[in-house]
Each structure stands twice: as C-alpha cells, then as structure tokens.
Number of protein chains: 2
Amino acid sequence: MAHITSSVEYAIHCLLYLVGSGDTPLSSRDLAELQGVSPSFLAKIFPRLEKAGIVAASEGVRGGYVLARPAEAVTFLDVVDAVEGDKKLFDCQEIRGRCALFEGDPPGWATKGVCGIHAVMLSAEKAMRDSLARTTLADVAAGFGRKAPKSFYADLSDWMDGRIRARASPRRARPEEGAG
Amino acid sequence: MAHITSSVEYAIHCLLYLVGSGDTPLSSRDLAELQGVSPSFLAKIFPRLEKAGIVAASEGVRGGYVLARPAEAVTFLDVVDAVEGDKKLFDCQEIRGRCALFEGDPPGWATKGVCGIHAVMLSAEKAMRDSLARTTLADVAAGFGRKAPKSFYADLSDWMDGRIRARASPRRARPEEGAG
DNA sequence: GATAACGCGGATAAAACCTGTCTGCGTTTT
DNA sequence: AAAACGCAGACAGGTTTTATCCGCGTTATC
Ligand code: FES
Ligand code: FES
C-alpha cells in the first residue's frame, strides 16, 4: 500500500483517454474493460473526480464522462487530492507534550507553534505537492502521443464504436454468441 | 495511516534526546517512559536504527543507545529509510500493458521505459526525499535548544539519574512501595 | 412506453498495513 | 545470582485499500 494509491493510477490513465475523446462521453465500464481493471472499482473513483470538477457526468444511456476543464488546467495534484482526499504525508501525534518532565502540564515553550520535526515533514510534503502540481494531463498526453503510432488512435476509436454498436444491435454485431 | 508513520516520529524524538546525551547510553525503556510512549513498541524501532548505522547499542545492565555518527551526519531521510525500509510513494501496477487493444501482447512502444504517469510520481518522490535529506538531527536539535530554557537540560539529566538511582536502591528511592 | 445503459450511493468482504503487547533468549553490570 | 538491557519472533486489534454486489433514479433508444 503506497501513499499515492492504485486508485490514482487508474484515475489518471482514464483521464488520459478522456483527453483524447474530446466531447464524446466515455462510460466508466468501457474505460474499465479497455484497461483491464475492475469496472465496479472504477465506478467508485469517478464520482470523486466529478465532485472535484475534473470531469463532468452525463447520465442515462450513452452517458459517461468528459473532461470538465481543458487538460492543461488539470494537474496531477488536482487528481491526487480529488481521489484521496486531503491525505497527509505525516500525522503528528504531538508526543512532545507528553514528556514526563512536564507532569501532564506542558509549558508554552514546548507546545507553541509547530514541532520542529513536524515542520520538516510539512516541508517535504510541500516539495512533493509542488512537484505534482507542476505537471498537467496535457503534458503527459503529449508525451504519450509522441510514443504511440498514429494507428493507435484510430484503433481506439474503432474499439469504442464497436462496443456501442455491439450493444445497439447484438444480433448483427456478435453473431457468434447466438450461433454457438 | 500516513506514509511517514508514527514510528518515525518516535524515532526522531528519541534521537534528539540522544544528541543531548552524548556518550551516555540511554535505554529504550527510559526514552519511552520519558516521552509517554509504549516501551514495547519503541523497542522494535531501535534495532532498525542500529542496523542502519544511526545508533550504536550496548547490551547488558546500564546499556542502551548512543548516536553512532555526529548529529550533523544524520538526515531525516536516513531515519525514514531506516525505520520504514524502502517504502515507495507510488506503486505502479503497470496497467498500461493491459489495454484491450493489445490483446494480451503489448507492443514495445507501449511498455518500453517508465510510464509517463509513473515518471511524474517518481519525480514527486524525489522532491520529497531531497527535501528530507536537506535537514539533519543537528539542525532541529539547535532549533529546540533555542526554545527550551537552560534548566530543562539539567532537569532532564536529573530525571535520568533518578531512574538509575531508583533501580539501584529501591528501598531508599521508592519507600512508598514497601510502606503501603 | 418498455428496455437497457448509465451514474450514484451504500453495504459488505478480503487483504495489507500499522500499532501495540507479550514472551523467551543471550549479554553484561552490580 | 539477580536484575537490567538489547534482540527476535509471535500475536492481536484497528484502520486503510481494494474489490464486489445490489438497488435506485435518469435517459436514449426501440
Ligand atoms: S510532536 Fe509530532 S513531530 Fe514532534
Ligand atoms: S502503468 Fe503504472 S502509472 Fe502508467
């Protein structure tokens, strides 16, 4: 179990597909099957992205999700916070006030302000968050676009269309199921 | 549950006391009672600091721990790694290779090198670790020394001496126990 | 208008992790 | 010999993460 969980990995990979899909909504089920992850689990992640204003949902048949903002305006930090809430890197237990010398009544100089140790952790957390805030969905989408061949996007589009057509006309699109 | 756990908080607070104690070994039990934390739990943390070469142990009666290096040579990162092992900030599941379009046989361009998303996380982890490596025990000890009154260190020394004397001559040091 | 796809929320369960306790062992001072 | 110490392992309880399932309201399509 890591601090940045698999939920974030799922979320960002999905968001990258949404970057490519433009105005066409993609359902969480399709995104799950496309990537080979659990549809039920993914369905629990998306509402958090929606509450954070990262994606917009459309209900009903042919519904799904689209990006609610331009990809340049969604940082990794946005996604991490949306999916994980405000999870702290370090949870200070304030043990400095329990020193036996204080006998249950710690003096002001000992408990005033943030503990020096805690301050170092907060600084490290800030460094991490600043780093995450420096990269957007658009940045990684561009990097992915440079690696993938042109045909990939066409194949992807076909796959999504295929799923919709298969559901619309199961008789023609998946004849093998009835003929088996 | 946070990424940097309470064990690290306990460890560094203890190490700060060791900075002040110089060559006199302090036992994990005394350090635990002084700070109001579980002696059993603290006893599980110190061996990890010892294996990492941060503290040196002396066994037997009057044994305990001393710093194995100057406080200037022990960074927060050293302590975090010693106590938590090499815990990653993010654990990539390599879901990029599971894309349905690849049909179980992902092409080289899709799996070569580190995933762009993973790379961002690694960069954030590095930022955090660099930040932690920038502060040493000596730094925070100096900050603490500026806050605490002079009498605190004398009181601390007395408290430690008192514990040793109480154990050496229980009849005189704790008469109320036998008189009850 | 019925059906099916879709998002949403809650209940539930399994696995992993963190915290904390306990016990027994060997070592060393008193 | 006794007591204080470090060390290693087994163990239990709570929390988090991952994952599944179900029922509900909404909406496009037949
Ligand atoms: S009291 Fe929490 S870090 Fe010092
Ligand atoms: S596959 Fe793990 S972050 Fe992309």
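We use all heavy atoms of the structure for the numbers below, so side chains are in, but hydrogens, waters and symmetry mates are not. Letters A, B, ... mirror the listed sequences (proteins, then strands); counts begin at 1.
A close approach under 4.0 Å does occur between a side-chain nitrogen or oxygen of B:S28 and OP1 or OP2 of D:dG6. Proximity of B:Y10 to the phosphate of C:dC18: no side-chain N or O atom is located under 4.0 Å from OP1 or OP2. Contact between the side-chain N/O atoms of B:S38 and the OP1/OP2 oxygens of C:dT21 is found at a separation under 4.0 Å. Listed pair A:K51 / C:dG7 fails the phosphate criterion, with no side-chain N or O lying under 4.0 Å from OP1 or OP2. Between A:R29 and the phosphate of C:dG7, there is a side-chain N or O to OP1/OP2 separation shorter than 4.0 Å. Contact annotation: B:T5 side-chain N/O to C:dC17 OP1/OP2 distance is not under 4.0 Å. At the phosphate of D:dT18, OP1 or OP2 sits under 4.0 Å from a side-chain N or O atom of A:S7.
Per the geometry, CD belonging to B:Q35 stands 13 Å off P belonging to C:dG20, to the nearest Å. Atom NZ in A:K88 sits about 12 Å away from atom P in D:dT16, given to the nearest Å. Taking atom CD of residue A:E59 and atom C1' of nucleotide C:dC6, one finds them 7 Å apart after rounding to whole Å. For the pair B:F41 CZ and D:dA10 P, the interatomic distance rounds to 18 Å; values are reported in whole Å. Rounded to whole Å, the distance from NE2 on A:H3 to P on D:dT15 is 19 Å. Rounded to an integer number of Å, the gap from B:L42 CG to C:dT21 C1' is 14 Å. With rounding to whole Å, A:I45 atom CD1 is found 12 Å from D:dT20 atom P. Between B:I54 atom CD1 and D:dG6 atom P the separation is 17 Å, expressed in whole Å.
Which of D:dC7, C:dC8, D:dT17 sits closest to the side chain of B:A57 comes down to D:dC7. Listed nucleotides: D:dG6, C:dT21, D:dT18. Nearest to the side chain of A:S6: D:dT18. When distances are taken from the side chain of B:R62 to each of D:dT17, C:dT29, D:dC7, the shortest belongs to C:dT29.
Note on B:Y65: only backbone sugar-phosphate atoms sit closer than 4.0 angstrom, heavy atoms only; bases stay farther off. Here B:S40 lies in heavy-atom contact (under 4.0 Å) with a base. Nucleic acid contact for A:G60: base, since at least one base atom lies under 4.0 Å from a heavy atom of the residue.
When the nearest nucleotides of DNA chain D are assigned to B:V61 and A:R48 by heavy-atom distance, the more 5′-ward of the two goes with B:V61.
Under a 3.5 Å cut-off, the side chain of A:S157 and the backbone N or O of A:A154 do not form any donor-acceptor pair. Panel note: side chain B:E84, backbone B:T5; a donor-acceptor pair is recorded below 3.5 Å. Of the possible polar contacts, none joining the A:R48 side chain to the A:A82 backbone as a donor-acceptor pair under 3.5 Å is found.
Under a 4.0 Å N-O distance rule, the pair A:D78/A:R69 qualifies as a salt bridge. A salt bridge links B:D130 to B:K126: at least one charged side-chain nitrogen sits closer than 4.0 Å to a carboxylate oxygen.
Applying the salt bridge (Lys or Arg N to Asp or Glu O under 4.0 Å) rule to B:R129 yields the partners B:D81; only residues at least two apart in sequence or on another chain are considered. Here B:A43 pairs with B:S28 under the side chain to side chain contact (heavy atoms under 4.5 Å, CB included) rule; sequence neighbours left out.
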For nucleotides 11-13 of chain D, which of its nitrogen or oxygen atoms have a protein nitrogen or oxygen under 3.5 Å away, and what is each distance?
none

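Here B:F90 and A:H3 keep their ring centres 6.0 angstrom or further from each other.
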